[in-house]
Peer 1: 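Have a look at this one before I ask anything.
Ligands are counted one by one from 1 in listed order, and the atoms in each one are counted from 1 as well.
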Amino acid sequence: MGIPLQIVILGASGDLTARKLVPALLSLAGRCTEPFRLVGVARRPLSHEAFRAQLRAELPEEDRQAFDGFAERVHYLQGDAGEDLTPLGHQLEALPGGAGAGRLFYLALKPGLFLPAMENLARGGLLAQENGAPWRRVVIEKPFGHDLASARALNRTLQSLLREDQIFRIDHYLGKETVQNLFAFRFNNTIFEPLWNRQHIELVQITVAEELGVERGRAGYYDAVGAMRDMVQNHMLQLLALIAMEPPSSLRPETIRDQKVAVLKSLRIPSGDACVRGRYTAGNVGGQAVQGYLEEEGVPAGSTTETFVALRAELENWRWAGVPFLLRHGKRLPKRFTEVKVQFRVPPIQLSDAPGTEVLADGLACALRPNQLTLSLQPRETVSLGFGVKAPGPGMTMVPAQLAFDYKDRFGGQTAPAYERLLLDAMNGDPTLFLRNDEVEAAWAAVDAIPGQPVRDYAAGTWGPPEADRLFHGCEGGWSHG
Ligand code: BG6
């Protein structure tokens, strides 16, 4: 990295700091050649020691010992990101490297504070990056705006204060190894590329299923956004972009992001009934009785916020025209899993015996799809390819078989947490895994265009409202259960 580094977390008392950011920094600290300093800024009056002690207590158990060796590099400043931040400048000057250090400002703030915080950082001279001066970068957490208009306004203000290459809009899904592998897998294996289009792919489905409901203390945030803005607009559209993008001509960040933007701009949700929204009622998840969304602490009476979304989308481009992309996300579903399933077309004629077909309720006989490529992103980290084999015996009866790869068999354990990679990239100034201004806006434009829908109840521990099953047509099959 070359020069000393100072990392500032604005909104350091929130749970993101202890749950994700500091564990990631601890892991990076062991690998960085330049020891970095961390300054937490929050409103409560605390000494450096009291902040360190509080942080230590909130860290995951397994990180506490490593924190003891790091604690002296952690500092605190009582401050309100919405007010004058000159004292922060003074504190940073006094730390090793002073004004000569590279500075990363992490905005772990409520969205309403993004702009005031940026303006105060700018007013305090903290963002200035004159020619030859050390770098200044800002990482902005989601939600980036509430709709296209607010995202545009936020982008405009940011760009009046910073250059685009100083702005790192984070989507933590892009930091996951298995998500990066969607890109790597597609563009480093030629065997799939000739098939990766509407001629050979019948349908793609993407699921992000959670067992969790709205966690304690989150209802205020969640009720204002809902499942569509919390997960679909950002994480799920990123998965879709990676699966559907054209090959970039190089690994340059702009080349890759250009292709993702092109996908997002071609996204269409064709009609009103191609989107289903739901909200969980009381039920049972993983053997535990759980309450309904409306009973969760902090959810306002009469809320109409959705906790489930299923969509049937299309991409209006040469490669994908006519191929449905089915997206589903919900809280309080029976099982936690994130998965992309690519369903290839059936052979043009069916030569094998009857077990290769199923009869639908309306009497239609459908051939089963033997060829599916399943990329399981979490908690299982696997890639599997389904195909049919002839069952031994005199007939020509096909049965399903699989080729499978599991990260843990090849690499051991779980892959590194997303924030670790993203913080490292932000420190190194690599924006590839962060969202560009036009990318965020294209995702909002697609989501804003989805017609409003009634919110249908589903019992916690079920797969969402039955209407979501009807997004599959005819013989296309149904939603994966992970
Ligand atoms: C966050 C959402 O961005 O992603 C949460 O705000 C959601 O509601 C979380 O639970 C899911 O992330 P992961 O990495 O656990 O799949």
Peer 1: I'd like to know if R410 and E381 make a salt bridge, using a cut-off of under 4.0 Å between side-chain N and carboxylate O.
Peer 2: no
Peer 1: Quick one: do K335 and E211 make a salt bridge, cutoff under 4.0 Å?
Peer 2: no
Peer 1: Does the R421 side chain pair with the main chain of E177, one donor and one acceptor, at a distance under 3.5 Å?
Peer 2: no
Peer 1: As a test of reading the model: which N/O atoms of the protein lie under 3.5 Å from N/O atoms of ligand 1, and at what distance?
Peer 2:
{"residue": "ligand 1", "atom": "3 (O)", "partner": "K142", "partner atom": "NZ", "Å": "2.7"}
{"residue": "ligand 1", "atom": "3 (O)", "partner": "H235", "partner atom": "NE2", "Å": "2.7"}
{"residue": "ligand 1", "atom": "6 (O)", "partner": "K142", "partner atom": "NZ", "Å": "2.7"}
{"residue": "ligand 1", "atom": "6 (O)", "partner": "R218", "partner atom": "NH2", "Å": "2.6"}
{"residue": "ligand 1", "atom": "6 (O)", "partner": "D230", "partner atom": "OD1", "Å": "2.6"}
{"residue": "ligand 1", "atom": "6 (O)", "partner": "D230", "partner atom": "OD2", "Å": "3.4"}
{"residue": "ligand 1", "atom": "8 (O)", "partner": "R218", "partner atom": "NH1", "Å": "2.9"}
{"residue": "ligand 1", "atom": "8 (O)", "partner": "D230", "partner atom": "OD2", "Å": "2.6"}
{"residue": "ligand 1", "atom": "8 (O)", "partner": "K331", "partner atom": "NZ", "Å": "2.9"}
{"residue": "ligand 1", "atom": "10 (O)", "partner": "E210", "partner atom": "OE1", "Å": "3.4"}
{"residue": "ligand 1", "atom": "10 (O)", "partner": "E210", "partner atom": "OE2", "Å": "2.6"}
{"residue": "ligand 1", "atom": "10 (O)", "partner": "K331", "partner atom": "NZ", "Å": "3.3"}
{"residue": "ligand 1", "atom": "12 (O)", "partner": "H172", "partner atom": "NE2", "Å": "3.2"}
{"residue": "ligand 1", "atom": "14 (O)", "partner": "H172", "partner atom": "NE2", "Å": "2.8"}
{"residue": "ligand 1", "atom": "14 (O)", "partner": "K176", "partner atom": "NZ", "Å": "2.6"}
{"residue": "ligand 1", "atom": "16 (O)", "partner": "Y173", "partner atom": "OH", "Å": "2.5"}
{"residue": "ligand 1", "atom": "16 (O)", "partner": "Q378", "partner atom": "NE2", "Å": "2.7"}

Peer 1: With sequence neighbours left out, what residues match E83 under salt bridge (Lys or Arg N to Asp or Glu O under 4.0 Å)?
Peer 2: none
Peer 1: Should D230 and K142 count as side-chain neighbours, where that means a heavy-atom distance under 4.5 Å?
Peer 2: yes
Peer 1: Taking only Lys NZ, Arg NE, NH1 and NH2, and the carboxylate oxygens of Asp or Glu, determine whether E210 and K331 approach each other closer than 4.0 Å.
Peer 2: yes
